[in-house]
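First listed ligand is number 1; within each ligand, the first listed atom is number 1.
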Amino acid sequence: MTFATLGLIEPLLRSLETLGYQTPTPVQAQAIPAVLAGRDLMAAAQTGTGKTAGFALPLLQLLAMEGPKVTANSVRALILVPTRELAEQVHEAVRQYAENLPLRTYAVYGGVSINPQMMKLRSGVDLLVATPGRLLDLFRQNALKFNQLQTLVLDEADRMLDLGFSEELANIYRALPKKRQTLLFSATFSDDIRLLAGQMLNDPLSIEVSPRNVAANTVKQWIVTVDKKRKPELFVHLMRKGKWKQVLVFAKTRNGVDALVEKLQGLGINADGIHGDKPQATRQRALDRFKASEVQILVATDVAARGLDIEDLPLVVNFDLPIVAEDYIHRIGRTGRAGSTGEAISLVCADEVNLLSAIEMLTRQTLKRQNEPDFEPEHRVPDTDASGQVVKKPKKPKKPKASGGGGKRNLGKWVDSGEVAPAELSIKPVRKVPVFNTGPRKRKP
Ligand code: AMP
């Protein structure tokens with residue numbers, strides 16, 4: 001199969017040739033014809049498998065071939081993403097794909113001055129990539145109109161639809177034309193989000209190109225158990241022992257990021273951090289320098305968990321496990337992308353046993369434990385497995401603290417026995433369900 005046989009037009013084929021894309025990935029093979037045919041979509045595909053081109057290519061084609069010329073302050077297609085970095089990245093991909101088309105594309109997000117964005121929008125934009133907060137600001141200041149909007153894409157849709165964004169999204173929906181094409185793309189979809197999504201979509205196709213809620217099998221995953229207070233020491237030890245070159249590290253909190261960066265820098269290690277409290281320019285610079293291998297260790301909150309494409313990143317370390325199990329899949333999906341291999345190591349302390357159990361249940365695997373001599377924990381991490389069992393030793397006088405309430409709460413939701421989907425492609429209609437249920441509030445990274 002080629003991109004030409006999927007029905008893409010010549011200017012797009014030329015861009016793809018320049019980029020060296022030869023064969024469509026499975027999600028592209030499914031999504032491109034469906035989007036071109038005007039269908040609504042709910043597409044689940046593993047991280048790093050080419051989702052962006054899956055929606056951007058047909059979208060650009062529709063914009064180029066159909067519909068009126070964009071008018072002042074209008075936008076014809078909108079791609080909503082959860083983070084500013086992802087907005088930049090998606091727009092950069094769109095810009096490359098649209099190289100040979102007479103279309104205007106742009107990205108807007110918070111943390112930077114709004115005035116240049118208002119100026120740019122004056123003449124109208126065919127395709128706009130945006131984070132929800134800044135989009136609303138622009139709309140409220142009359143810098144944006146949606147009367148010409150024909151397509152809405154939610155990238156990382158499950159994150160976009162969770163409570164953290166639900167109010168902003170509800171306000172955006174109210175402003176959008178009812179008649180439009182809607183595309184939802186994500187690596188993970190919880191059952192709640194599927195129900196909610198069902199209300200937003202019109203006779204949608206559901207595309208699944210892999211079993212639900214699993215990371216790419218190109219990522220080798222394992223954990224090291226350790227006492228909480230010794231995590232920084234273990235990290236440095238593993239880093240030196242493994243001669244790590246480029247590592248993306250996830251910590252739970254902004255303070256946790258700062259503390260680890262400070263510790264590493266104090267040891268003369270080339271480290272930087274990104275989290276929601278830092279100015280956008282600082283965040284983007286840290287990320288760009290990491291991508292260019294000028295920074296060796298990038299420590300981040302979950303602001304970096306979604307969608308970021310870092311070429312040939314060999315290793316992701318979970319310094320802390322994520323509160324929400326599905327974020328584990330997104331985090332480790334930063335490595336092992338586009339068919340390359342990667343490694344994901346999680347440092348797990350006794351407090352995190354429920355989070356570990358939730359991850360194993362969600363991903364239907366028992367993570368391999370590798371003990372590090374001299375770092376065996378005094379507070380043992382109870383055994384866990386993919387069934388969700390946490391085996392507590394009866395002899396232990398103290399039970400481990402269950403700090404992972406959020407993760408634990410997810411256990412019943414994410415997996416059901418019917419969910420072990422076949423690995424092959426499947427397209428099936430999605431049932432519309434008139435329920436609005438968005439599940440527990442998640443922390444903003
Ligand atoms: P994404 O999942 O959209 O973030 O894409 C992951 C990476 O795969 C990006 O670096 C893309 O440029 C690359 N990519 C996407 N589609 C293809 C393709 N058909 N052939 C080669 N590389 C691709």
Chemist: Look only at interatomic distance and state if Pro24 has a nitrogen or oxygen under 3.5 Å from any nitrogen or oxygen of ligand 1.
Modeler: no
Chemist: For Glu85 and Lys291, run salt bridge (Lys or Arg N to Asp or Glu O under 4.0 Å): C-alpha distance rounded to whole Å, both residues' side-chain angles, the deciding distance at 0.1 Å, then the answer.
Modeler: CA-CA 12 Å; Glu85 286 80 3; Lys291 284 185 176 182; over 6 Å; no
Chemist: Of the options Thr253, Asp258, Asn255, Thr301, which is the one that meets His275 in a side-chain hydrogen bond (donor to acceptor under 3.5 Å, both in side chains)?
Modeler: Asp258
Chemist: Specify side chain, backbone, both or neither for Leu19, according to which of its non-hydrogen atoms lie closer than 4.0 Å to ligand 1.
Modeler: neither
Chemist: Give me the one residue out of Leu248, Val261, Ile274, Val317 that meets side chain to side chain contact (heavy atoms under 4.5 Å, CB included) with Val299.
Modeler: Val261
Chemist: Can you find an N or O of Thr23 that's nearer than 3.5 Å to an N or O of ligand 1?
Modeler: yes
Chemist: Can you tell me which portion of Gln28 lies within the under-4.0 Å heavy-atom range of ligand 1? Options are side chain, backbone, both, or neither.
Modeler: side chain
Chemist: Of all the atoms in ligand 1, which lie at a distance below 4.0 Å from a heavy atom belonging to Thr49?
Modeler: 2 (O)
Chemist: Specify side chain, backbone, both or neither for Phe55, according to which of its non-hydrogen atoms lie closer than 4.0 Å to ligand 1.
Modeler: neither
Chemist: Less than 4.0 Å between a side-chain N and a carboxylate O, is that true for Glu10 and Arg14?
Modeler: yes
Chemist: Using heavy-atom distances only, which candidate in Tyr21, Phe185, Tyr97, Phe3 approaches atom 13 (C) of ligand 1 most closely?
Modeler: Tyr21
Chemist: Just jot down the ring-ring contact (aromatic ring centres under 6.0 Å, His included) partners of Tyr106, sequence neighbours excluded, or say none.
Modeler: none
Chemist: Could you name the option among Ile310, Thr52, Asp155, Val90 that has the heavy atom nearest to atom 3 (O) of ligand 1?
Modeler: Thr52
Chemist: Is it true that Asp272 and Arg285 have a side-chain N and a carboxylate O under 4.0 angstrom from each other?
Modeler: no
